[in-house]
There are 2 protein chains.
Amino acid sequence: MSDIAVTPMLRLSGEERRAEIVDAVLRLSAERSPGLITTAEIARALSLSQGALFKHFPRKEDIWLAVAERIAESLLATVEQAAQQAASPLAALHGIFMAHVGFVIEHPGAPRFIFHELQRSVDSPVKSRLREMLARYRQILMGLLETAEQQGELAEGTNKSAAASLFLGSIQGLVMQSMLAGSSAAMRQQAEAILPIFERGIRREKSGEAA
Amino acid sequence: MSDIAVTPMLRLSGEERRAEIVDAVLRLSAERSPGLITTAEIARALSLSQGALFKHFPRKEDIWLAVAERIAESLLATVEQAAQQAASPLAALHGIFMAHVGFVIEHPGAPRFIFHELQRSVDSPVKSRLREMLARYRQILMGLLETAEQQGELAEGTNKSAAASLFLGSIQGLVMQSMLAGSSAAMRQQAEAILPIFERGIRREKSGEAA
DNA sequence: CACCGGTAAGTAATTAGTTACTTACCAATA
DNA sequence: TATTGGTAAGTAACTAATTACTTACCGGTG
């Protein structure tokens with residue numbers, strides 16, 4: 001009759017709970033600016049008391065670091081997988097671009113989180129981790145561009161570093177515009193329209209091309 | 001002998017003070033995330049009491065709206081001026097790109113402010129104003145691309161909307177990377193390296209081009 | 001010119017509400 | 001029973017906004 005615990009207190013292991021917390025932050029980041037996400041809000045999303053969070057992460061910053069770690073690992077895995085599946089370096093770039101867009105559509109909170117943290121001027125561990133990820137990403141792009149050059153697929157005189165910047169920049173631009181519109185649904189189409197322009201910008205023109 | 005007022009209380013007109021407040025927010029935005037800027041901090045930057053701010057703006061949000069207004073006006077003025085000075089549509093795009101980069105270098109707080117506000121999911125008047133600015137910007141780009149197409153400067157089959165997206169996206173990407181590096185100094189060089197790739201992507205290849 | 005009164009820019013102190021984080025205690029499970 | 005994931009009730013610091021009051025400026029009038 002006097003049952004108080006209607007829901008029988010879901011008690012997860014530390015590891016599981018930490019994963020859930022990271023998930024929750026990513027989910028919330030899709031809708032709010034990560035800077036405005038409070039510990040109370042995270043707890044509410046998990047039907048947990050606010051104080052419980054600090055059993056698993058001593059400081060809020062540590063939660064943020066775990067989120068960055070998660071994003072870095074999964075995005076790089078996505079990118080590397082897409083790169084391996086392609087037949088040629090330029091096809092790999094194409095594949096990576098679309099895979100990245102797919103990743104963003106699937107995890108809308110991720111780019112929001114990244115932007116917000118990179119924007120911070122102080123060099124937090126979180127920002128460091130994300131910077132490291134972007135450096136690795138750029139390294140992959142540069143490798144592909146170099147291979148493309150060696151195979152004669154690249155236009156002569158192409159600035160490979162600039163090409164990598166343009167590649168990353170156009171994805172960031174796409175994300176920004178999807179934030180503007182409020183829907184990430186149209187992103188894939190937009191990406192498919194932008195890619196040909198980029199590819200035309202770096203690909204060596206075939207001598208005997210039909211109009 | 002017993003002079004208390006060492007600094008003789010600088011009393012500005014409302015208009016002047018409002019301009020100073022907007023300036024201060026822009027300056028602070030260059031170093032901190034705009035979301036973390038407090039009214040106390042703005043007041044401190046102006047050697048003013050915190051409460052005084054509310055003599056000029058009834059709510060904090062109104063300060064933010066004034067900042068958005070300022071950014072929108074000055075950026076669009078910069079863009080339109082650059083467009084008018086150019087001899088051809090494609091030269092105009094080139095000029096706008098570099099002018100925009102120059103604007104960002106001169107006002108490092110502006111892109112930070114824009115990103116932060118666009119990131120917010122709620123459709124605030126601030127976000128509306130910035131969206132309006134970007135729409136106008138895109139409209140200018142589309143106009144130039146159409147003229148370029150009519151004059152035969154554009155590659156056949158170029159998706160003009162996608163080209164405009166790529167244009168805006170690559171600027172956003174440049175800004176993001178300058179945030180990463182922490183210095184906006186290298187931006188101009190990066191821009192000059194990226195532009196040729198973009199231009200190659202949309203420009204009609206001249207039939208008799210020397211290697 | 002000097003005085004006076006209204007207006008508006010300023011201050012200092014305080015408010016209610018949040019925030020990240022802590023503490024004391026509890027209960028499940030290994 | 002010792003450990004650990006959990007709660008509930010705190011706390012100190014900070015936030016935007018408001019308050020009561022002060023001070024500078026400016027345009028008539030005596």
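Naming: A, B, ... by sequence-line order, numbering from 1 per chain.
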Output a table of donor-acceptor pairs, distance under 3.5 Å, between side-chain atoms of residues 61-76 of chain A and any protein atom two or more places apart or on a different chain; print 'none' if there are none.
residue: A:Asp62; atom: OD2; partner: A:Arg59; partner atom: N; Å: 3.2
residue: A:Trp64; atom: NE1; partner: A:Glu117; partner atom: OE2; Å: 3.3
residue: A:Glu69; atom: OE1; partner: A:Arg129; partner atom: NE; Å: 3.4
residue: A:Glu69; atom: OE2; partner: A:Arg129; partner atom: NE; Å: 2.9
residue: A:Glu69; atom: OE2; partner: A:Arg129; partner atom: NH2; Å: 3.4
residue: A:Arg70; atom: NH1; partner: A:Asp23; partner atom: OD1; Å: 2.7
residue: A:Arg70; atom: NH2; partner: A:Ala19; partner atom: O; Å: 3.4
residue: A:Arg70; atom: NH2; partner: A:Asp23; partner atom: OD1; Å: 3.4
residue: A:Ser74; atom: OG; partner: A:Arg70; partner atom: O; Å: 2.9
residue: A:Ser74; atom: OG; partner: A:Ile71; partner atom: O; Å: 3.3

TODO: State, yes or no, whether a side-chain contact exists between B:Gln177 and A:Leu134 at a heavy-atom distance under 4.5 Å.
DONE: no

Open item on the list: Quick one, A:Glu192 and A:Met98 - any side-chain contact, counting heavy atoms below 4.5 Å?
Closed with: yes

Task: Closest to side chain of B:Gln50, choosing from D:dT7, C:dG10, C:dA13 - done: C:dA13

Task: Whether B:Ser128 side chain and B:Pro125 backbone form a donor-acceptor pair below 3.5 Å - done: no

Open item on the list: Determine whether a donor-acceptor pair (N or O, by modelled atom type, separation under 3.5 Å) exists between the side chain of A:Arg120 and the backbone of A:Lys127.
Closed with: no

TODO: Measure up the A:His100 and A:Phe103 rings against each other and bin them: parallel (under 30°), tilted (30 to 60°), perpendicular (over 60°).
DONE: perpendicular

Open item on the list: Enumerate the salt bridge (charged side-chain N to carboxylate O under 4.0 Å, His left out) contacts for residues 34-44 of chain A, please, sequence neighbours excluded, ordered by first and then second residue.
Closed with: A:Arg32-A:Glu41

Restricting to nitrogen or oxygen on both sides, can you table the protein-nucleotides 19-21 of chain D pairs closer than 3.5 Å?
none

Open item on the list: Please enumerate all residues that pass ring-ring contact (aromatic ring centres under 6.0 Å, His included) together with B:His56, with sequence neighbours excluded.
Closed with: none

Round to the nearest Å and state the distance from [X] atom [atom1] to [N] atom [atom2].
X	N	atom1	atom2	result
B:Ile42	D:dT15	CD1	C1'	12 Å
B:Leu46	C:dA9	CG	C1'	14 Å
A:Leu53	D:dT7	CG	P	9 Å
A:Arg44	C:dT18	CZ	P	10 Å

TODO: Mind listing the residues from residues 15-41 of chain A sitting with a heavy atom below 4.0 Å of DNA chain C? Number order is fine.
DONE: A:Ile37, A:Thr38, A:Thr39

- [ ] List in numerical order all residues of residues 56-64 of chain B for which some heavy atom is under 4.0 Å away from an atom belonging to DNA chain C.
- [x] B:His56

Task: B:Ser165-B:Arg138 side chain donor-acceptor pair, cut-off 3.5 Å - done: yes

Open item on the list: I need the single residue from B:Arg200, B:His94, B:Gln190 that forms a side chain to side chain contact (heavy atoms under 4.5 Å, CB included) with B:Leu195. Which is it?
Closed with: B:His94

- [ ] Just do the ring-ring contact (aromatic ring centres under 6.0 Å, His included) check on A:His116 and B:Phe115 with the steps written out, would you?
- [x] CA-CA 9 Å; A:His116 180 263; B:Phe115 287 171; over 10 Å; no

